[in-house]
Undergrad: 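Before we start, here is the structure in question, set down as structure tokens.
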There are 2 protein chains.
Amino acid sequence: MAEGAQLASGLRRGTLEFCVLAMVEFEDRYGTEIVRRLAEEQTLAATEGTIYPLLSRLRRGGLLDSKWAESPSGPPRRYYSLTPTGRSSLAYFRTEWVSFRQTVDRLVGTGEIA
Amino acid sequence: MAEGAQLASGLRRGTLEFCVLAMVEFEDRYGTEIVRRLAEEQTLAATEGTIYPLLSRLRRGGLLDSKWAESPSGPPRRYYSLTPTGRSSLAYFRTEWVSFRQTVDRLVGTGEIA
DNA sequence: CGCTCTACCTTGCGCCGCCAGGTACTCTGT
DNA sequence: ACAGAGTACCTGGCGGCGCAAGGTAGAGCG
């Protein structure tokens with residue numbers, strides 16, 4: 001594994017889940033599409049081996065709903081959408097993320113505690 | 001486990017390590033002190049079971065150095081300090097963190113990709 | 001000399017990101 | 001009609017890390 005990739009891999013923990021939720025907040029998306037869009041991001045590139053199990057977890061957890069749909073060209077796709085539970089979970093993360101981000105910025109940013 | 005604690009636990013992954021490095025950047029600190037200071041932070045509270053193995057990993061990895069010192073009252077303490085390797089690792093994280101933070105802000109902040 | 005406080009560390013568990021491998025359907029070219 | 005490429009889905013096993021729980025040992029006090 002590359003140098004910086006290992007660092008980013010650890011950072012994704014606990015965050016990737018909500019990035020995926022946010023991606024299907026306004027528009028239904030399917031697995032491969034999510035993988036491709038994440039690959040365009042700098043530090044959030046995740047492979048299929050990460051995304052598909054993640055989507056299954058979120059579906060089983062009731063945060064995502066899914067329905068099959070035909071593709072214009074190719075095999076059928078499973079489109080994911082946000083459930084009310086997923087929506088509130090995402091809302092909760094948004095507040096938690098701000099707090100977390102500020103704490104890390106304060107601690108790591110300058111090196112001084114207060 | 002409490003509701004929000006589980007979320008924060010995932011967020012700490014890959015970040016806590018560098019928060020600890022930053023804490024000993026300018027001043028040597030010992031284990032229990034680090035635990036107590038992190039407990040004061042909102043979303044970064046980590047217990048001994050997290051911190052001590054983490055400190056051992058960082059020491060074995062050459063990012064931290066340690067030396068024993070007497071306590072004014074109580075058992076001796078193991079004080080940790082930042083090595084050159086740890087210093088450059090921390091510097092690298094600071095740039096990576098900014099990139100990561102911006103990506104998450106962009107994706108989760110509004111829900112729109114671009 | 002017990003009792004408490006401080007400080008260190010370890011064991012085992014569970015979760016999750018990831019690599020590698022696998023299945024199946026669609027479309028294209030010959 | 002059929003091989004090959006492209007698309008899309010999923011799974012098994014590994015490794016790392018945060019964490020709860022449990023353990024050791026010295027210092028100070030009554």
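Chain letters run A, B, ... following the sequence lines, proteins first and then strands; every chain starts at 1. As a basis for the values below, the full set of heavy atoms in this structure was taken, side chains included, without hydrogen atoms, waters or symmetry mates.
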Undergrad: Distance check needed: C/dC8 C1' versus B/Ile34 CD1, whole Å only.
TA: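 Nearest whole value for this atom pair: 13 Å.
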Undergrad: Touch check for B/Gly14, heavy atoms < 4.0 angstrom, all strands: base, sugar-phosphate only, or nothing?
TA: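 Result for B/Gly14 = sugar-phosphate.
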Undergrad: Is the distance from OP1 or OP2 of D/dA20 to the nearest side-chain N or O of B/Thr47 less than 4.0 Å?
TA: yes
Undergrad: Please produce a list of atom pairs where a protein N or O lies less than 3.5 Å from an N or O of nucleotides 8-11 of chain D.
TA:
| from | atom 1 | to | atom 2 | distance (Å) |
| --- | --- | --- | --- | --- |
| D/dA8 | OP1 | A/Tyr30 | OH | 3.3 |
| D/dA8 | OP1 | A/Arg77 | NE | 2.8 |
| D/dA8 | OP1 | A/Arg77 | NH2 | 2.5 |
| D/dA8 | OP2 | A/Arg36 | NH2 | 3.1 |
| D/dC9 | OP1 | A/Arg78 | N | 2.9 |
| D/dC9 | OP2 | A/Gly31 | N | 3.4 |
| D/dC9 | OP2 | A/Thr32 | N | 2.8 |
| D/dC9 | OP2 | A/Thr32 | OG1 | 3.0 |
| D/dC9 | OP2 | A/Tyr52 | OH | 2.6 |
| D/dC9 | O5' | A/Tyr52 | OH | 3.3 |
| D/dC9 | N4 | A/Glu48 | OE1 | 2.9 |
| D/dC10 | OP1 | A/Arg78 | NE | 2.8 |
| D/dC10 | OP1 | A/Arg78 | NH2 | 2.8 |
| D/dC10 | N4 | A/Glu48 | OE1 | 3.2 |

Undergrad: Below 4.0 angstrom, N of the basic side chain to O of the carboxylate: do A/Glu40 and A/Arg36 qualify?
TA: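 Salt bridge between A/Glu40 and A/Arg36, a charged N being under 4.0 Å from a carboxylate O: no.
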Undergrad: Using the test side-chain hydrogen bond (donor to acceptor under 3.5 Å, both in side chains), find all partners of B/Arg60 that sit at least two apart in sequence or belong to another chain.
TA: none
Undergrad: Could you tell me how far apart B/Leu11 (CG) and C/dC15 (C1') are, to the nearest whole angstrom?
TA: 14 Å
Undergrad: Between B/Ser71 and B/Arg77 (side chain of the first, backbone of the second, donor and acceptor by atom type, cut-off under 3.5 Å), is there such a pair?
TA: no
Undergrad: Is it true that B/Arg106 and A/Glu41 have a side-chain N and a carboxylate O under 4.0 angstrom from each other?
TA: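 The answer is yes: the pair qualifies as a salt bridge.
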Undergrad: Using a cut-off of less than 4.0 Å, is there contact between a side-chain N or O of B/Arg57 and OP1 or OP2 of D/dC17?
TA: yes
Undergrad: Return the set of residues passing salt bridge (Lys or Arg N to Asp or Glu O under 4.0 Å) with B/Glu48 (not counting sequence neighbours), or none when no residue passes.
TA: none
Undergrad: Taking CZ from A/Arg29 and C1' from D/dT7, how many angstroms apart are they, rounded to a whole number?
TA: 18 Å
Undergrad: Nearest-Å distance, NZ (B/Lys67) to P (C/dC8)?
TA: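 Value for this atom pair: 13 Å.
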Undergrad: Is the shortest distance from a Lys or Arg side-chain nitrogen in A/Glu96 or A/Arg94 to a carboxylate oxygen in the other one below 4.0 Å?
TA: no
Undergrad: Rounded to the nearest 0.5 Å, how far does CZ of A/Arg87 lie from CG of A/Leu21?
TA: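 Atom-to-atom, A/Leu21:CG and A/Arg87:CZ are 10.5 Å apart.
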Undergrad: What is the separation between atom CG on A/Leu16 and atom C1' on C/dG17, rounded to the nearest whole Å?
TA: 8 Å
Undergrad: What is the distance, rounded to the nearest whole Å, between atom CG of B/Leu38 and atom C1' of D/dG18?
TA: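 In whole Å, D/dG18 C1' lies 13 Å from B/Leu38 CG.
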Undergrad: Rounded off to whole Å, could you give me the CG-to-P distance for the B/Leu54 and D/dA20 pair?
TA: 15 Å
Undergrad: Please give, in whole Å, the distance from D/dA20 P to B/Ile51 CD1?
TA: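 Distance check: B/Ile51 CD1 to D/dA20 P gives 12 Å.
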